[in-house]
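This report concerns only the one structure given below.
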Amino acid sequence: MDNPAFPAILGRMKHDSDIVIVGGGLNGPALALALAHSGLTVTIVDALPEDVRNDTAFDGRAYALALASVRLLRAIRVWDSIEDRTQPMLEIKVSDGRAGAGPLSPFYLHFDHAELEEGPMGHMCEDRVLRPALLAKMNETSEITQISGDAVVSQTTGPDGATLTLASGKTLRTRLIVGADGRSSGTASRAGIQRTGWGYGQTALVCALSHELPHHGIAHQFFMPPGPLAILPLPGNMSSIVWSESDKTAAEFAALSDDDFLHVLRPRFGDFLGEISLTGKRYTYPLGLTVANSFVAPRVALIGDAAHGMHPIAGQGLNAGLRDVGALHQVLTDARQRGEDLAAPDVLERYQRWRRFDVATLAMTTDLSNRLFSNDNPLLRAVRDIGMGAINAAAPVRRAFMREAAGLTGDLPDLMR
Ligand SMILES: Cc1cc2nc3c(=O)[nH]c(=O)nc-3n(C[C@H](O)[C@H](O)[C@H](O)COP(=O)(O)OP(=O)(O)OC[C@H]3O[C@@H](n4cnc5c(N)ncnc54)[C@H](O)[C@@H]3O)c2cc1C
């Protein structure tokens, strides 16, 4: 379907849709919905069949969705269908030490949503809730064509548009390719975009637990020498844990039986939530930083993990991806209103300028936090403890951190306001 609102020069190539999004994980569908609601036609391609992505046991992850991300999900009409399966994060407690044993140092951070006029800093949402909700909403949206179980294998771009070829041999013509194909983005490498990054030698052990006592909506982050342990509240007496250990230890723990795994977890977790038991499977994720050297190339833009993948220490990976979604949606809809080519270099450059500084700052912050906290050096320990104590004692600084965690700082796209 060609959109008659575009300049005649682009009419020489017949486009199947205005935009092709490669990757139907989380950020790809969010962008597809935002663009479709603005009247653009979108084709979204994912290598995995839809039933695999819809599987409610597909992944062990749960996301801390910042308030700004919740606003975006509301704007794309997904939030209402999931809100009652999410858990508001009412408080966040950060301690330098082992869970349950009380902080090993007297310094800790405590963020309470009562201090923030906008409400809870965010909501916890399981991947198996968010992913199917995005897919269901796309199925209801006539401007979106979905292709599942077929991978993009090549792409060419020219002055009139871009052509993608899928593994099945099918070809798609479009004005703009958006790479939402994750950390090892083929869209980026086919466009000649290099990446900068490194591994942390850490692996995250991820699972859900049920526990005897209520969590009262409190999220905990315990900084331990091998890496942080996050205990994140889910609806009911359940929590998700993201436990970072060295690759070697994580591999040993991952190989344990469920009972033995709980045995090594308990002393770190403590007993503040009473008896704990595993709910569902356990997953491991190797942790590393990877940032694309450019977020754009001729007729190509990258969003989400395809543009940047970072340590989950601050739970900001998906939130940063949804900011890309908001920014790219706004840049493209503005360009369309002005009658510009959606993939004109200065249009794409506007998107890149908007996002790159924010992403570089976040990548540096998560990287430094991990280095500062994932060790037992007494000097660094003193520095971080004094820092946490100072932040906690100063209400305006504490509130500034809470606004940052809620995603309310910086140049917010309209969909997040
Ligand atoms: C342990 C852990 C905990 C995390 N916790 C949080 C958190 O609390 N809060 C938060 O904000 N973020 C968190 N994150 C980060 C978050 O999971 C990611 O940022 C997010 O999943 C990225 O989504 P995406 O859509 O960009 O990529 P993905 O979800 O990786 O999707 C990419 C899609 O592209 C498809 N694809 C790939 N290649 C092709 C191809 N050639 N053709 C067609 N399709 C293709 C894949 O099949 C896949 O479906 C966490 C990450 C980890 C590892």
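The first residue of the sequence shown is numbered 1, and numbering continues consecutively from there. Note that ligands are numbered from 1 as they come in the structure, with each ligand's atoms numbered from 1 the same way.
Given atom 6 (C) of ligand 1, the protein heavy atom at minimum distance is Tyr63 CD2, 3.8 Å.
Ring geometry for His311 against Tyr200 counts as perpendicular: the plane angle is over 60°, on a 0 to 90° scale with 30° as the lower cut. Using bins of under 30°, 30° to 60° and over 60° for the plane-to-plane angle, the ring pair His123/Trp79 lands in the perpendicular bin. Using a 30° and 60° split on the angle between ring planes, Phe272 and His220 fall in the perpendicular class, above 60°. Ring orientation note: the planes of Phe261 and Trp243 are tilted relative to one another, at an angle of 30° to 60°.
Considering backbone and side-chain atoms together, Ile303 places no N or O closer than 3.5 Å to any N or O of ligand 1. In terms of polar-atom proximity, defined here as any N/O pair under 3.5 Å, Ala64 does make such a contact with ligand 1. Between Gly315 and ligand 1, a contact under 3.5 Å exists for at least one N or O pair. Of the polar atoms of Asp46, at least one N or O is found under 3.5 Å from an N or O of ligand 1, judged by distance alone. Considering backbone and side-chain atoms alike, Leu318 places an N or O below 3.5 Å from some N or O of ligand 1. Checked by distance only, ligand 1 and Val152 come closer than 3.5 Å through their nitrogen or oxygen atoms.
Against a heavy-atom cut-off of under 4.0 Å, Val206 is close to the following atoms of ligand 1: 1 (C). Set against the non-hydrogen atoms of Val45, the atoms of ligand 1 under 4.0 Å away are 43 (C), 44 (N). In summary, the atoms of ligand 1 found under 4.0 Å from a heavy atom of Leu26, numbered by their order in the structure, are 21 (O), 25 (O). Residue contact check: Gly304 has heavy atoms under 4.0 Å from atoms 26 (O) of ligand 1. Close approach of ligand 1 to Leu48 (heavy-atom distance below 4.0 Å) involves ligand atoms 47 (O). Residue-ligand proximity, Asn27 to ligand 1, at heavy-atom distances under 4.0 Å covers atoms 22 (C), 23 (O), 24 (P), 25 (O), 26 (O).
Heavy-atom proximity to atom 29 (O) of ligand 1, evaluated over His308, Arg53, Arg131, is greatest for Arg131. Between the choices Leu232, Asn319, Asp305, the shortest heavy-atom distance to atom 20 (C) of ligand 1 belongs to Asp305.
By the 4.0 Å heavy-atom criterion, Gly309 is excluded from the residues contacting ligand 1. A heavy-atom separation below 4.0 Å is found between Ala180 and ligand 1.
The residue Ala66 has no part lying near ligand 1, judged by heavy-atom distances below 4.0 Å.
Nearest approach of Val153 to Arg190, heavy atoms of both residues: O-CD, 3.7 Å.
Between the side chain of Arg299 and the backbone N or O of Gly158, at least one donor-acceptor pair lies under 3.5 Å.
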